[in-house]
Amino acid sequence: MTFEYSRTVTTTATAHDVWALWSDPGSWHCWDPSVESVAIEGHFAEGAAGVMVLTGGIEVPVTLELVEPGARYLDRLEMGDLRIHIDHVVKDSDSGAEVTVSTFVTGPGAEDIGPMVTADAPKAMETLCAMAEGR
């Protein structure tokens, strides 16, 4: 079972400003309403792992599977047999930056969990861009 969701927005902020927020997991709760906190051990680099606390106090392991500094990161959340991969891509554009976030949920109940996981995505991206524009 799988679920996929992708959203692209543009911002007047630079890719650098968006990346500055993305690469600071301690600030994710400021722009993502589904996140209470994130603690990743070590540097923001491929293989780094930690714990994300979702709204309601749900703790899930999080691992950075891919990090291309300034451009992209892919994280993986694990909830039992359910895997949630979230791919974050930012690139400069003529008027600022283009931000794309794609979510892939696999495992039992993916079709039911996926819409819940992505429900806050539009708000998260809006807040992320507003914060990046204010940097």
Side-chain angles (χ1 to χ4, degrees):
M1 299 185 145
T2 61
F3 172 88
E4 295 181 14
Y5 173 90
S6 187
R7 181 174 178 85
T8 299
V9 298
T10 57
T11 177
T12 57
T14 65
H16 174 81
D17 289 331
V18 172
W19 184 259
L21 293 168
W22 274 352
S23 61
D24 177 15
S27 73
W28 290 359
H29 70 281
C30 296
W31 52 266
D32 189 337
S34 64
V35 173
E36 287 185 9
S37 67
V38 179
I40 292 181
E41 295 190 23
H43 297 289
F44 192 84
E46 195 169 306
V51 175
M52 180 181 292
V53 180
L54 303 173
T55 301
I58 302 165
E59 293 186 14
V60 293
V62 60
T63 303
L64 300 177
E65 290 194 343
L66 174 73
V67 176
E68 296 173 6
R72 178 179 181 211
Y73 78 96
L74 173 69
D75 60 13
R76 180 185 73 239
L77 306 174
E78 297 183 31
M79 301 172 77
D81 291 334
L82 202 64
R83 299 284 180 270
I84 303 167
H85 288 88
I86 306 173
D87 197 6
H88 307 75
V89 178
V90 63
K91 59 185 176 183
D92 283 316
S93 69
D94 290 340
S95 59
E98 182 178 276
V99 181
T100 301
V101 177
S102 303
T103 303
F104 307 92
V105 183
T106 58
E111 288 112 358
D112 297 325
I113 298 293
M116 290 187 281
V117 169
T118 58
D120 288 329
K123 179 66 175 167
M125 292 178 78
E126 176 186 325
T127 304
L128 171 77
C129 290
M131 287 179 66
E133 289 167 6
R135 291 183 72 80

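Every heavy atom of this structure was used, including side-chain atoms; hydrogens, water molecules and symmetry mates were not. Since we're looking at a predicted model, the values are computed, not measured.
Inter-residue side-chain proximity for Thr11 and Val99 is flagged as met; some heavy-atom pair is nearer than 4.5 Å. Counting heavy atoms from C-beta on, the side chains of Val51 and Val62 never come closer than 4.5 Å. Between Ile86 and Val101, the closest side-chain pair of non-hydrogen atoms falls below 4.5 Å. Ile84 is listed as a side-chain neighbour of Met79, based on a closest heavy-atom distance under 4.5 Å. Taking 4.5 Å as the limit, every side-chain heavy atom of Thr106 sits out of range of all side-chain heavy atoms of Met1.
Residues passing the side-chain contact (heavy atoms from CB on, under 4.5 Å) test with Asp120 are Pro33, Ser34, sequence neighbours excluded. Qualifying side-chain contact (heavy atoms from CB on, under 4.5 Å) partners for Thr10, counting only residues two or more places apart in sequence or in other chains: none. Applying the side chain to side chain donor-acceptor pair (under 3.5 Å) test to Ser102 and every residue at least two apart in sequence or in another chain returns Ser6. The ring pair (Phe, Tyr, Trp, His ring centres under 6.0 Å) check on Tyr73 picks up Trp22, Trp28, Phe44, His88, with sequence neighbours excluded. Scanning for side-chain contact (heavy atoms from CB on, under 4.5 Å) contacts around Glu46 gives Leu66, with sequence neighbours left out. Residues that satisfy the side-chain contact (heavy atoms from CB on, under 4.5 Å) test with Thr12, not counting sequence neighbours, are Glu133.
Put simply, the side chain of Thr127 never gets that close to the backbone of Ala124: no donor and acceptor are under 3.5 Å apart. Side-chain N or O atoms of Ser93 include one that pairs as donor or acceptor with a backbone N or O of Gly96 at under 3.5 Å. No side-chain donor-acceptor contact under 3.5 Å links Thr118 to the backbone of Ala121. Without hydrogens or angle criteria, Asp92 side chain to Ala15 main chain gives a donor-acceptor distance under 3.5 Å.
Residue pairs meeting the ring-ring contact (aromatic ring centres under 6.0 Å, His included) criterion with at least one partner in residues 114-135, sequence neighbours excluded, are absent. Counting only residues at least two apart or on different chains, no ring-ring contact (aromatic ring centres under 6.0 Å, His included) pair has a member in residues 107-135. Under the ring-ring contact (aromatic ring centres under 6.0 Å, His included) criterion, no residue pair touches residues 92-135, with sequence neighbours excluded. For residues 54-69, the salt bridge (charged side-chain N to carboxylate O under 4.0 Å, His left out) pairs, not counting sequence neighbours, are Glu65-Arg76, Glu68-Arg72.
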Under 3.5 Å, which donor-acceptor pairs link side chains of residues 107-117 to any protein atom two or more places apart or in another chain?
none

If you look only at distance, which donor and acceptor atoms sit under 3.5 Å apart when one is on a side chain in residues 35-42 and the other is two or more places apart or in another chain?
residue, atom, partner, partner atom, Å
Glu36, OE2, Gly56, N, 3.0
Glu36, OE2, Gly57, N, 3.4

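To the nearest 0.5 Å, atom NE2 of residue His29 and atom OG1 of residue Thr55 are 11.5 Å apart.
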